[in-house]
Amino acid sequence: MEAALTILALLLVAFVALGVYATVKAVGAAKRGVDRTITQARRTVEDTTLRAKSFGQVGVAGELAQLRLSLRTSMRATQDALHAGAAEDASLAESVDLFRRLSAHGLELDDELKRLEREPDRATVAGLLPKLRERTQRITHSAESLRWAARDRARQFADDDLDALNAQIDIEAGALRHWDVDEPSSQSSGAGASATASGQGPGTDWPEPAASADPPAGSSTADEAWSGPAREESPQAITAPDPRLRTTYPWQKSTRPETTN
């Protein structure tokens, strides 16, 4: 009885712990989803504001807004391209690490441009614009190099896969059209078989030669192979031996001639 109660208590504790763990995980996932949504909304609002400033304002403020907008757009596009490619190609892991290091410089530059937007001394900010523009171009150029390299790699893999697929389809299509090669040969073999059955070769009207009375010795085997069993030999007549051609042996007596008296 005590063992049963202990087992029930352990099961209850396990179920409670599992429920707490599931609740914590669900709350954490919901919190991350909310944070992601808020961050994306804030980013969208900030990008819209920067786009409006770059088109609506002139001078130093418009230049700073344009630099921030180009930097953020290039970095975000590169991040999306690398993360999408890394999910399918493990060799892009090093590129992702390089982009992470580049993002640190990009975030630093974006914060500096954001601070300069609130700087009241526009003359000093205008003197810093050439260096800021150069830094922005260097970072965006590096980001674009990584992005286009990842896209070219994915496109090359897709082209190779398409070439291999086209080759396999061509082979299969050729195999499905095998009757184009087999049909003439089968027709010719059928015509030959019908001509052989009728006793004439294909395309010939020559009469068959008369069978010779004494066929050569080597043709008997061929006749047996192609014409069935050999013909039965007719019985030969028995010829009496010629007495003049008899062989004379020494122990035989010679025949005496008859004399008339």
Side-chain angles (χ1 to χ4, degrees), residues 25-119 121-122 124-166:
K25 295 291 290 185
V27 170
K31 185 176 182 299
R32 286 192 298 270
V34 172
D35 293 340
R36 190 182 305 110
T37 303
I38 293 175
T39 303
Q40 187 173 2
R42 185 184 297 112
R43 184 184 304 160
T44 302
V45 172
E46 193 169 1
D47 291 343
T48 303
T49 304
L50 290 175
R51 191 174 291 108
K53 287 182 179 180
S54 62
F55 288 107
Q57 295 182 1
V58 294
V60 177
E63 183 73 17
L64 291 175
Q66 187 175 1
L67 291 178
R68 287 191 64 195
L69 183 62
S70 62
L71 176 65
R72 294 164 65 91
T73 303
S74 178
M75 297 297 288
R76 188 176 301 117
T78 304
Q79 181 180 5
D80 295 340
L82 290 179
H83 287 173
E88 300 178 356
D89 189 1
S91 60
L92 292 178
E94 185 176 357
S95 299
V96 173
D97 293 338
L98 292 175
F99 177 74
R100 189 177 295 111
R101 294 171 56 187
L102 183 65
S103 297
H105 293 279
L107 291 174
E108 182 181 357
L109 177 61
D110 185 67
D111 292 339
E112 185 176 356
L113 292 174
K114 189 175 182 179
R115 287 194 303 269
L116 291 176
E117 285 180 350
R118 298 187 296 267
E119 179 64 37
D121 190 359
R122 296 299 179 181
T124 304
V125 175
L128 296 175
L129 280 177
K131 293 183 179 181
L132 294 173
R133 190 181 300 110
E134 182 183 359
R135 286 179 61 190
T136 304
Q137 291 177 356
R138 290 176 61 185
I139 294 176
T140 55
H141 176 72
S142 298
E144 290 174 358
S145 298
L146 286 175
R147 181 173 70 250
W148 285 110
R151 290 177 178 176
D152 292 342
R153 181 180 178 85
R155 188 183 302 110
Q156 182 63 37
F157 285 162
D159 293 341
D160 293 342
D161 188 26
L162 181 60
D163 293 340
L165 181 60
N166 289 335

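A 4.5 Å side-chain heavy-atom check between Asp97 and Arg100 finds at least one atom pair inside the cut-off. Put simply, the side chain of Leu129 reaches to within 4.5 Å of the side chain of Leu64, judged on heavy atoms. Counting heavy atoms from C-beta on, the side chains of Thr124 and Glu119 never come closer than 4.5 Å. Looking only at side-chain heavy atoms (C-beta outward), Ser74 and Arg147 come within less than 4.5 Å of each other. Contact of the Val60 side chain with the Leu116 side chain is not registered, since no non-hydrogen atoms from C-beta on lie closer than 4.5 Å. Residues Pro130 and Glu134 have side chains not in contact (no heavy-atom distance under 4.5 Å, counting atoms from C-beta outward). By the 4.5 Å heavy-atom criterion applied to side chains, Glu63 and Arg133 are counted as neighbours. Contact annotation: the side chain of Val96 never approaches that of Gln79 to less than 4.5 Å [non-hydrogen atoms, C-beta and beyond].
Here CG of Leu109 is found 11.5 Å from CZ of Arg72. Values are rounded to the nearest 0.5 Å. With rounding to the nearest 0.5 Å, the separation of CG in Asp110 from CZ in Arg115 is 10.0 Å. Atom CZ of Phe99 sits about 15.5 Å away from atom CD of Glu94, to the nearest 0.5 Å. Here the OG1 atom belonging to Thr73 is positioned 6.0 Å from the CZ atom belonging to Arg76, to the nearest 0.5 angstrom.
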Verdict with reasoning, Glu144 to Thr78, per side-chain contact (heavy atoms from CB on, under 4.5 Å): CA-CA 7 Å; Glu144 290 174 358; Thr78 304; 5.6 Å; no
Evaluation steps, side-chain contact (heavy atoms from CB on, under 4.5 Å), between His105 and Arg135: CA-CA 9 Å; His105 293 279; Arg135 286 179 61 190; 5.9 Å; no
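Heavy atoms of other residues, nucleotides or ligands lying less than 6.0 angstrom from CZ of Arg138 number 12 at most.
Checking Thr136 against Arg68 by side-chain atom types alone, no donor-acceptor pair falls below 3.5 Å. Asp152 and Gln156 share no side-chain donor-acceptor pair at under 3.5 Å.
The minimum heavy-atom distance linking Leu71 with Gly106 is given by the pair CD2-O, 3.5 Å. Smallest separation of non-hydrogen atoms from Leu102 and Ile139: CD2-O, 3.9 Å. Of all heavy-atom pairs between Met75 and Ala143, the closest is SD-CB, 3.9 Å. The nearest pair of heavy atoms linking Arg153 to Ser91 is NH2-OG, 2.8 Å.
Contacts of Ser103 classified as side-chain hydrogen bond (donor to acceptor under 3.5 Å, both in side chains), with partners at least two apart in sequence or in another chain: none.
In terms of modelled atom types and a separation under 3.5 Å, the side chain of Asn166 and the main chain of Leu162 share a donor-acceptor contact.
With salt bridges taken as basic N to acidic carboxylate O contacts below 4.0 Å, none links Asp111 and Lys114.
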